[in-house]
Amino acid sequence: MTEVIIVHSQEEAGAIYAQAVAKLIERKPDCVLGLATGSSPLAAYRELAKIIHERHLDVSRVRGFALDEYAGLEPEHPESYRSVITRTVVEPLGLTPELVHVPNGNPDTIEHAGEEYDRAIAAAGGVDVQILGIGTDGHIGFNEPGSSLASGTRIKTLTEQTREDNARFFGGDMDKVPTHCITQGIGTIMKARHLILLAFGDGKAEAIAETVEGGVSSFCPASALQLHPHATVIVDEKAASKLRNKDYYRYAYDHKPAWQGI
Ligand code: GLP
């Protein structure tokens, strides 16, 4: 079963992620982190940065692979996912920039970029922990509803809904939001050894209920998590509000032995 943890705040969720990743870094200093953009993972990165600095963890060999990138946006553009990952992950955590990869959204070379990216992840030994946000339509990475649950990294067309959701990063101007992207496929994401999905706020409640308690369907790409042997969904009360089995998730987490971790 997907483990569901209901928390009071983004900081609390972030701390759970950060503890798990810090333990991983101590055990495997060259571990591979799957990275995501969006607002949901920000507190998790902040909490992880805090632990890294407090415990003086050596992260110089930690490797990273981002989920996705807009197509046709210069890497230097402040809203390219390359820039966002540099600003929110690489710099605050002190990672080695050359070891952190973002899919290549350059239209001239995008045709083979997906296969190359999947090969690079496999050559690195696969992703140890993949952090995920979720779109209001249930997308993960940029795998919009209808995405094959076996897909590899590839080019996708963004839905109008996703472009509207993300217009806030482009001064609210829909015309500036790219129409295409390159994203790790659901099949790629499912190969990561541990998935941690974070969601906060009313706007995510429906997508979370579909993901955890709905049928497995490409119409809610995140529902593929139900097929993953080690998936953790961390939500606040609002994002959890439409879950039917809430009391059980709380009970299970409250009675979890400390040695079990997440
Ligand atoms: C974008 C990203 C996703 C992210 C989603 C939700 O579409 N490609 O990876 O999960 O936004 O973002 P937020 O966490 O800001 O709600």
Side-chain angles (χ1 to χ4, degrees), residues 7 9-11 13-14 17 33-47 64-73 77-85 87-89 100-105 114 117 127 129-147 151 153-170 172 174 176-186 188-190 192 195-208 210-212 220-225 231-236 238-240:
V7 295
S9 66
Q10 301 201 19
E11 284 65 34
Y17 165 85
L33 300 181
L35 305 169
T37 55
S39 50
S40 309
L42 292 178
Y45 298 143
R46 279 197 300 272
E47 294 296 321
F65 286 90
L67 282 174
D68 44 12
E69 177 59 287
Y70 290 112
L73 219 55
H77 188 290
E79 292 310 327
S80 77
Y81 282 176
R82 161 63 71 188
S83 299
V84 173
I85 290 288
R87 220 165 40 231
T88 60
V89 184
V100 178
H101 310 274
V102 178
N104 168 12
Y117 202 67
V127 169
V129 175
Q130 174 66 60
I131 192 169
L132 297 166
I134 184 169
T136 52
D137 58 5
H139 74 244
I140 48 176
F142 266 140
N143 294 281
E144 299 286 25
S147 292
S151 47
T153 303
R154 71 224 181 286
I155 305 162
K156 288 292 287 180
T157 308
L158 299 175
T159 61
E160 284 293 295
Q161 176 68 58
T162 297
R163 293 184 63 237
E164 272 169 33
D165 287 347
N166 289 1
R168 65 189 194 278
F169 298 113
F170 295 86
M174 276 286 278
K176 294 208 173 110
V177 186
T179 52
H180 289 76
C181 67
I182 174 166
T183 181
Q184 281 191 31
I186 304 288
T188 315
I189 294 169
M190 291 288 283
L195 304 178
I196 301 181
L197 187 147
L198 306 171
F200 311 106
D202 294 322
K204 302 287 171 75
E206 201 142 322
I208 285 298
E210 277 291 310
T211 296
V212 179
C220 177
S223 65
L225 262 69
T232 309
V233 170
I234 312 180
V235 285
D236 66 0
K238 287 182 172 165

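For the single chain, residues carry numbers from 1 onward in sequence order. Each ligand, and each atom within it, is numbered from 1 in the order the structure gives.
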Practice task
Report yes if Thr37 has an N/O atom closer than 3.5 Å to an N/O atom of ligand 1; otherwise report no.
Solution key: no
Exercise for the section: May I ask you to check whether Ile134 has an N/O atom sitting below 3.5 Å from an N/O atom of ligand 1? Expected result: yes
Side chain [X], main chain [Y], donor-acceptor under 3.5 Å:
X      : Y      : value
Arg82  : Gly105 : no
Thr183 : Phe142 : yes
Glu69  : Ile182 : no
Asp68  : Pro103 : no
Glu144 : Thr159 : yes
Tyr117 : His101 : yes
Ser83  : Glu79  : no

Would you call [X] a ligand 1 contact, heavy-atom distance under 4.0 Å?
X      : value
Gly141 : yes
Arg168 : yes
Phe200 : no

If you have a sec, work out which protein heavy atom is nearest [atom] and how many Å separate them, to one decimal?
atom                    : answer
atom 7 (O) of ligand 1  : His139 NE2, 2.8 Å
atom 16 (O) of ligand 1 : Lys204 NZ, 2.6 Å
atom 8 (N) of ligand 1  : Asp68 OD2, 2.8 Å
atom 12 (O) of ligand 1 : Gly38 CA, 3.9 Å
atom 10 (O) of ligand 1 : Gly133 C, 3.1 Å

Exercise for the section: May I ask you to identify, for Ala36, whether its side chain, its backbone, both or neither come under 4.0 Å of ligand 1 on a heavy-atom basis? Expected result: neither
Problem - Which segment of Tyr81 sits under 4.0 Å of ligand 1 when only heavy atoms are counted - result: side chain
Exercise for the section: Could you tell me how the ring of His77 sits relative to the ring of Phe170: parallel (under 30°), tilted (30 to 60°) or perpendicular (over 60°)? Expected result: tilted
Handout entry: Numbering as shown, the atoms of ligand 1 that approach Asn166 to under 4.0 Å (heavy-atom distance)
Key = 1 (C), 7 (O)
Handout entry: Sub-6.0 Å ring centroid separation between Phe169 and Tyr70
Key = no
